[in-house]
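One structure is given here, and the rest of the page talks about it.
Just follow the structure's listing: the first ligand is 1, and inside any ligand the first atom is 1. Just the heavy atoms: all of them, side chains too, but no hydrogens, waters or symmetry mates, feed the values below.
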Amino acid sequence: MADLRLALLLTAVSPAVGGVLVRGEKGTAKSTIVRALAGLLPEVAVVRGCRFACDPAAPDPQCPDGPHAPDSPHYRRPSALVELPVGATEDRVVGTLDIQRALADGVKAYEPGLLAGAHRGVLYVDEVNLLPDHLVDLLLDAAAMGRAHVERDGVSVKHAARFLLVGTMNPEEGEPRPQLVDRFGLVVNVAAPRDAKDRAEVVRRRLAYEAGPDAFAARFAGDERELAARIVAARERLPHVALPDAELDRIARVCLAYGVDGMRADIVVARCAVALAAWHGRDTVTAEDVRDAARLALPHRRRRDPLDPPGTDEEKLDEALAEADAQQREEESRQDGDGPDSDSGPDSDSGPDPDSGPDSGGGPDPDDDPPPGGGPGNGGSAPDDRGPAPRQSEGGAGPDDRDPARPRTDAAPEPDNPAGAAAGAQAPAGAAYRTRTLSIARRGTGGHTGKRSPAYARRGRVIGSRVPQGKLAGAPHLPATLRAALHRRGGRGEGSVVHPRDLREAVHVGREANLVLFVVDASGSMAARKRMTIVKTAVLSLLRDAYQRRDRIGMITFRGHEADQVLPPTSSHEVGVMRLASLRTGGRTPLAAGLRTAAATITTERRRDPRRRPLLIVVTDGRATSGPDPVSVAPALAGVPTVVVDCETGPIRLHLAGRLATALGADLMPLDALEAGAGTHPVRKAA
Ligand SMILES: [Zn+2]
């Protein structure tokens, strides 16, 4: 908790440190602390009438509401705290350009978005790991450049957008892309306090607040005023803080010993150490500043092996710090031989200072280097490429490293054991294979960009044009617009060439991501070790496929007398793989309960995010030995796109999965046809 406060205060002192990512479970009060930060920031002077919060002392020359005269009237207001909701659209974030008005009135009609609102304040993204990738990219680009940029069909608007970026995430909800984590300057892990005194203090404050919010605020207002004044003082001191060569060396050594990629880590540590010195009222960075800065800026930057036990990052950092210290002492003792006082030499503050204050976004900056490892989906340490059984030699393999030729380990060493109730709990999955693409046939609205089901999209292949419903939703379709204009003019050469009502918008199709919800039979009928291995391998392969297609996933199993939501919908495929590995099997087969839980889950998720379409994958042989007939659940799942993966094996078959698929209006896919390239006509339309 102290780390989080310090990290937030440091970015407030030096926004160049580059934002804070807060990782923590629900109920750790992280958002309360973030909101409190905004209250500590100094007031800003704003040009009256400017929607882009221009500073009267230095108005943005590109301000869409400008140009502002040097002595424009202005007012003072608190720094903004803008919250970016996970469901925000691109227009909401960057603002909208109204092409219709541009055509009709000949003006750049621009409505500012959230990035404009956050200028000179805090942009707070709760659950940043759930934000769609294209929004994340927009956000990080703006944060890195200090500017926002909207472009629609050759008309473009740019405006200043310098803000403190603070994101929170619950690691249980899924790890964000490594590229995203890397772009945050500091990352802080927040856990409920482990110390009894700290816990008591949290509760005491909470009770005091509940007893009288006003009295509580008054009690802490003094602290707040003090902190706010300290931020202002540190900001003023910041440009004058020196970073001695010895400390710059220490930073380089720690980063090398810790095994970080590129130069960004060094720069963030340097900026953070300078901010720390300013915060402590010092004019020179000390070894302690460097150590503290490294702890805030480095742990998330190590090229890590996903199989490392938790806590490894911290241990390695301690080692790296110790190593840098030892090297430094060695060098100092060597120099001590030459002269008595060369430890912090007279040239210590003449070196180039990597921190030139909050406005250092100017020249070429190594920050903007693309992260090594290439584009999205190519993260070097993506979690999905390993089975639950550790395969050490493949720890570094990326998600695109699929190898259909790799032999599948579906031959378990032990013979089948049909009576063994819990045998499947230990049945390992084999190596994941590339699966056929299971998708929703009907075109979606493209709520979440991804790679699974066909959908209308903002970009992608143009398949036609239409008359816009109100505001233009995408790019104009020029040939159709011209055709409409020609038609209206009917061969007469007068009047405007193109009238706003001639506008036609392009209709694009692309692919969207879905919620892929698995319902997996974990009953005794699946418990035969070899069979469970085949089923687990299939589900593992589908999980990996869902990761590559950027879907959300969820898993429900059923055994005994009830269904179990073993994986509530999440984007953490890593958690999915873990839950699959520890799956328990045995007992009766309550298939109906599994389907009913699926229906309830889908209803809840639809309420949460109506734009994400569900795809239900039921892994079963169709047999039910507990609870009602599964066909009776069909009405609850009406309209839900479903694939039944038929696990029935053996010479005598009951084809119950086919019966279920028919009732659900689902596609039927035999388990052994799931692998891409297996068989020619794997999918039998059930109905
Ligand atoms: Zn302005």
Let's go through Asn514 and Glu512 carefully: what are the C-alpha distance in whole Å and the side-chain angles of both, what is the deciding distance for side-chain hydrogen bond (donor to acceptor under 3.5 Å, both in side chains) to 0.1 Å, and is it a yes or a no?
CA-CA 7 Å; Asn514 300 121; Glu512 66 177 11; 3.2 Å; yes
Would you kindly check if the NZ (Lys) or CZ (Arg) of Arg443 is within the cone defined by 45 degrees around the ring axis of Tyr456 and under 6.0 Å from the six-membered ring centre?
yes
Protein-derived N, O or S atoms lying under 2.8 Å from the Zn ion (ligand 1), waters excluded:
4
State whether the side chain of Arg504 and the backbone N or O of Asp502 hold a donor-acceptor pair below 3.5 Å, judged by distance alone.
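The answer is yes, because a donor-acceptor pair under 3.5 Å joins these two groups.
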Main-chain N/O of Pro42 paired to Ser79 side chain as donor or acceptor, under 3.5 Å
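Checked: pair present.
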We want to know whether Asp91 and Thr96 form a side-chain donor-acceptor pair, criterion being a heavy-atom distance below 3.5 angstrom.
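No, Thr96 and Asp91 have no side-chain donor paired with an acceptor closer than 3.5 Å.
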How far apart are the C-alpha atoms of Arg282 and Asp289, what are their side-chain angles, what is the distance that settles it, and do they pass the salt bridge (charged side-chain N to carboxylate O under 4.0 Å, His left out) test?
CA-CA 10 Å; Arg282 282 189 255 103; Asp289 293 332; 2.6 Å; yes
